[in-house]
Enquirer: 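Below you'll find the structure I mean.
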Amino acid sequence: MKKLYLLLTILFLIDFGWGQSYPFKYISPGIQIGYNNNEGLFYGFQTSIGILQESPIVPSICFGFKRYHRKYNEKYIDLQTTFFKNGWTIDNIGPPIGIGIGKNFFNNSSNYRLKCYTWLLTCFTIDYELERKSYNWSLIPVLTLVIY
């Protein structure tokens, strides 16, 4: 458990360290509905916390929880970065593209994951679990709250 706390601290410092000078921060909770090619349907929730910058890059950290139909639970944490074509402004919210790397925790074990996502009206996410070699496709309607 100490390794997890150390990992979370390091991830937090890396992900948020370079963006602290800009005043806008956000939190984005969402409900997740998806399909895993090995386990079937799942649902859950996730929350992303990040920094809106004047650059086209928006770094964030994401915490989530999934529940599969077999009463199987999974938690995850991701570092993710969203790329906007011309930078993030209120007038320029087009469909951005995001990438992330993270770790799943399930059944007393863990697994690394890679993800990519985009959104316009809702977030569409695809992630790949390296050790289990499985894919997840999910829709995540989110409510983004900007904090000054």
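Hydrogens, waters and symmetry mates play no part in the numbers below; they use all other heavy atoms, side chains included. What you see is a predicted model, and the numbers here were worked out from it, not measured in a lab.
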Enquirer: Do you reckon Ile126 sits in the same ILVMFWY cluster as Leu130, going by side-chain contacts under 4.5 Å, direct or chained?
Expert: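 As far as the 4.5 Å side-chain criterion goes, Leu130 and Ile126 are connected within one cluster.
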
Enquirer: Just checking, is any N or O donor in the side chain of Gln80 or Lys115 under 3.5 Å from an acceptor N or O on the other one?
Expert: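 Yes, side-chain donor-acceptor contact under 3.5 Å.
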
Enquirer: Grab the two heavy atoms, one from Ser60 and one from Tyr26, that are nearest each other, plus how far apart they are.
Expert: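 The answer is CB-OH, 3.2 Å.
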
Enquirer: Quick one: do Val58 and Ile97 end up in the same hydrophobic cluster if we chain Ile, Leu, Val, Met, Phe, Trp and Tyr together by side-chain heavy atoms under 4.5 Å apart?
Expert: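 Cluster IDs for Val58 and Ile97 differ.
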
Enquirer: Tell me whether Phe63 shares a hydrophobic cluster with Leu79, the cluster being built from Ile, Leu, Val, Met, Phe, Trp, Tyr side chains joined at under 4.5 Å.
Expert: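 Phe63 and Leu79: one cluster.
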
Enquirer: Is Asn111 close to Lys103 at the side-chain level, that is, under 4.5 Å between some pair of heavy atoms?
Expert: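 Not touching, per the 4.5 Å side-chain cut-off.
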
Enquirer: Identify the heavy atoms of Thr82 and Pro96 that sit nearest to each other, and give their distance.
Expert: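 In this case the closest contact between Thr82 and Pro96 is CG2-CB, 3.5 Å.
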
Enquirer: Nearest 0.5 Å, what's the CG-CD distance between Asn136 and Glu39?
Expert: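 Reported to 0.5 Å precision, the distance equals 9.5 Å.
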
Enquirer: Side-chain heavy atoms nearer than 4.5 Å, only ILVMFWY residues, links allowed to pass through others: does that put Leu114 and Trp137 together?
Expert: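 Leu114 and Trp137: one cluster.
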
Enquirer: Which atom names give the shortest non-hydrogen contact between Asn38 and Ser134, and what distance separates them?
Expert: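 Closest heavy-atom pair between Asn38 and Ser134: ND2-CB, 3.2 Å.
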
Enquirer: Tyr76 ring centre to Arg113 NZ or CZ under 6.0 Å, with the angle to the axis within 45°?
Expert: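 Geometry flag: set, cation within 6.0 Å and 45°.
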
Enquirer: Can you give me the closest heavy-atom contact between Gln32 and Phe65, atom names plus distance?
Expert: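 In terms of heavy atoms, the two residues are closest at OE1-O, 4.3 Å.
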
Enquirer: Flag the pair Ile31 / Ile140 as yes when at least one side-chain heavy-atom distance between them is below 4.5 Å, and no otherwise.
Expert: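 No; the side chains remain at least 4.5 Å from each other.
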
Enquirer: Are any of the side-chain heavy atoms of Tyr68 and Asn73 separated by less than 4.5 Å?
Expert: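 SC-SC contact between Tyr68 and Asn73 ruled out.
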
Enquirer: Among residues at least two apart in sequence or on other chains, which ones pass ring-ring contact (aromatic ring centres under 6.0 Å, His included) with Tyr128?
Expert: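 Once residues adjacent in sequence are excluded, the partners of Tyr128 under the ring-ring contact (aromatic ring centres under 6.0 Å, His included) criterion are Tyr135.
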
Enquirer: Please determine whether a side-chain nitrogen of the Lys or Arg among Arg132 and Glu74 lies less than 4.0 Å from a carboxylate oxygen of the Asp or Glu.
Expert: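 Salt bridge between Arg132 and Glu74, a charged N being under 4.0 Å from a carboxylate O: yes.
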
Enquirer: With the side chain counted from C-beta on, respond yes when Ile77 and Phe105 share a heavy-atom pair under 4.5 Å apart, and no when they do not.
Expert: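 Sidechains of Phe105 and Ile77: in contact.
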
Enquirer: Any idea which heavy atoms bring Tyr117 and Ile99 closest together, and the distance?
Expert: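 Minimum heavy-atom contact is CE2-N, 3.7 Å.
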
Enquirer: To the nearest 0.5 Å, what is the distance between CG (Leu41) and CZ (Arg67)?
Expert: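 Between Leu41 CG and Arg67 CZ, I get 14.0 Å after rounding to 0.5 Å.
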
Enquirer: Do Ser138 and Phe124 come within less than 4.5 Å of each other through their side chains, counting heavy atoms only?
Expert: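 Not touching, per the 4.5 Å side-chain cut-off.
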
Enquirer: NE2 of His69 to OH of Tyr43: how many Å apart, nearest 0.5 Å?
Expert: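 The OH atom of Tyr43 is 12.0 Å from NE2 of His69, to the nearest 0.5 Å.
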
Enquirer: Determine whether Ile27 and Thr47 make a side-chain contact, defined as any pair of heavy atoms from C-beta on separated by less than 4.5 Å.
Expert: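 Yes, at least one pair of side-chain atoms sits under 4.5 Å.
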
